[in-house]
S.K.: 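My structure is below; once you've seen it, I'll send some questions.
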Amino acid sequence: MNIVTLFLALSILVAIILICFSDRKKVKQFDERQLIVRGRAVNLAYVTLLICLFIVLALSTMNLPWLDVPVCVILSMFISLTIFSVYAILNNAYFTNFKKETPFSGVFLSVSLLNLFNGFRHLFNGTAEDSFDIILPVAFGILGVIIIIALFIRKRMDKKELEEEMQEEEDVE
Amino acid sequence: MKNLKLKAARAAKDLSQEQLAIQCNVSRQTINAIEKGDYNPTINLCIAICKVLDKTLDELFWEQ
C-alpha cells in the first residue's frame, strides 16, 4: 500500500469531517438571500458535475488512448466546485460578514499559481510520471485563477454600487 | 419592481445600506437587492426592516 496515497486519503477524510461540523455555524452566518443563492449554486454545480461525468462516461466507451478516466472524474469535481464558487461569489453569497476576503484571496491565489507552476514544470521538464502530475495541477491552477477573477469582478461591482449610492445621496441633498 | 419607499425611509433616517444591513443582521447586498427589486424578503426580514426604520409593513412593502 502506498503510504503517501493513504495519508492523502485520510487527510481528505479529516478535512471533510471538519467542514461538516464547521458548516453548521457558518449556515447561521449567511442571511436568507445568501442561503437561497447558495442553494441555487449547489444545484448548478450538481448539474454541471452530472453533465461532466456523462461526457466522461460517453468518451470512455470509445476506448480513446489519451483518455484517463480517474483524472477526468477529478477534473469534473474541480469544475463543479468552481461553478459553485463563482456563482456564489458573483451573487455575494460566498463570504459571510465575518469571513475576510483578502487573506482567503491571497492564499487561494498563491496555491493556484503554485499548482500552475508545478504542472508546467512537469510538462516542460518531462518529469511527469503520469497525467496526474500535469493535468490536475494545471487544471486546479486555472480554475483557481478563474475564482480569483470572479472575486475581483465582485469587488469592482461592490465598489460601483457604493459609489452609485453615495452619488444618489449627494443628489438628494 | 424597485422599492423606492424603502430607499426614501432609509434616507430619512440618514442610514446607509451598510448601516441598515447591520441593524437588520443581513448583508449590504441583500438590502441593495431589496431596494432594486431583485429580491423579495421574507416577512421576518420585512418586520426587522420596519422596526429599524419605524415604519409599518404597508408603508414600506405594500404595492399601490
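Bear in mind that the values here come from a model prediction, so they are computed numbers and not experimental data. Letters go in sequence order (proteins before strands), and every chain restarts at 1.
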S.K.: With heavy-atom distances below 4.5 Å as the criterion, would you say the side chains of A:Leu162 and B:Arg28 are in contact?
M.R.: yes
S.K.: Is the closest side-chain donor-acceptor distance between A:Asp158 and B:Gln29 under 3.5 Å?
M.R.: yes
S.K.: Hey, any chance A:Ile74 and A:Leu81 share a hydrophobic cluster, counting ILVMFWY side chains that come within less than 4.5 Å of each other, even indirectly?
M.R.: no
S.K.: For A:Glu165, which atoms come within 4.5 Å of any heavy atom of chain B: side chain, backbone, both, or neither?
M.R.: side chain
S.K.: Do A:Phe117 and A:Phe124 sit in one hydrophobic cluster, given that two such residues count as connected whenever their side-chain heavy atoms are within less than 4.5 Å of each other, even indirectly?
M.R.: no
S.K.: Is there a side-chain contact between A:Arg33 and B:Ile34 (heavy atoms, below 4.5 Å)?
M.R.: no
S.K.: Given heavy-atom pairs under 4.5 angstrom as the criterion, report whether the side chain, backbone, both or neither of B:Ala21 touches chain A.
M.R.: neither
S.K.: Would a hydrophobic clustering, with Ile, Leu, Val, Met, Phe, Trp and Tyr connected at side-chain separations under 4.5 Å, put A:Phe120 with A:Leu143?
M.R.: yes
S.K.: Among the clusters formed by ILVMFWY side chains lying less than 4.5 Å apart, do A:Leu59 and A:Ile51 turn up in the same one?
M.R.: yes
S.K.: Is any side-chain heavy atom of B:Val26 closer than 4.5 Å to one of A:Gln34?
M.R.: no
S.K.: Distance check, rounded to the nearest 0.5 Å: B:Ser27 atom OG versus A:Phe30 atom CZ?
M.R.: 10.0 Å
S.K.: Linking I/L/V/M/F/W/Y whenever any side-chain heavy atoms sit under 4.5 Å apart, do A:Leu50 and A:Tyr87 land together?
M.R.: no
S.K.: Quick one: does B:Gln17's side chain get under 4.5 Å of A:Glu161's, heavy atoms only?
M.R.: no
S.K.: May I ask you to check whether over 12 heavy atoms, not counting those of B:Asn40, lie within 6.0 Å of atom CG?
M.R.: no
S.K.: If you measure from CG on A:Asp31 to CG on B:Leu45, what distance do you get to the nearest 0.5 Å?
M.R.: 7.5 Å
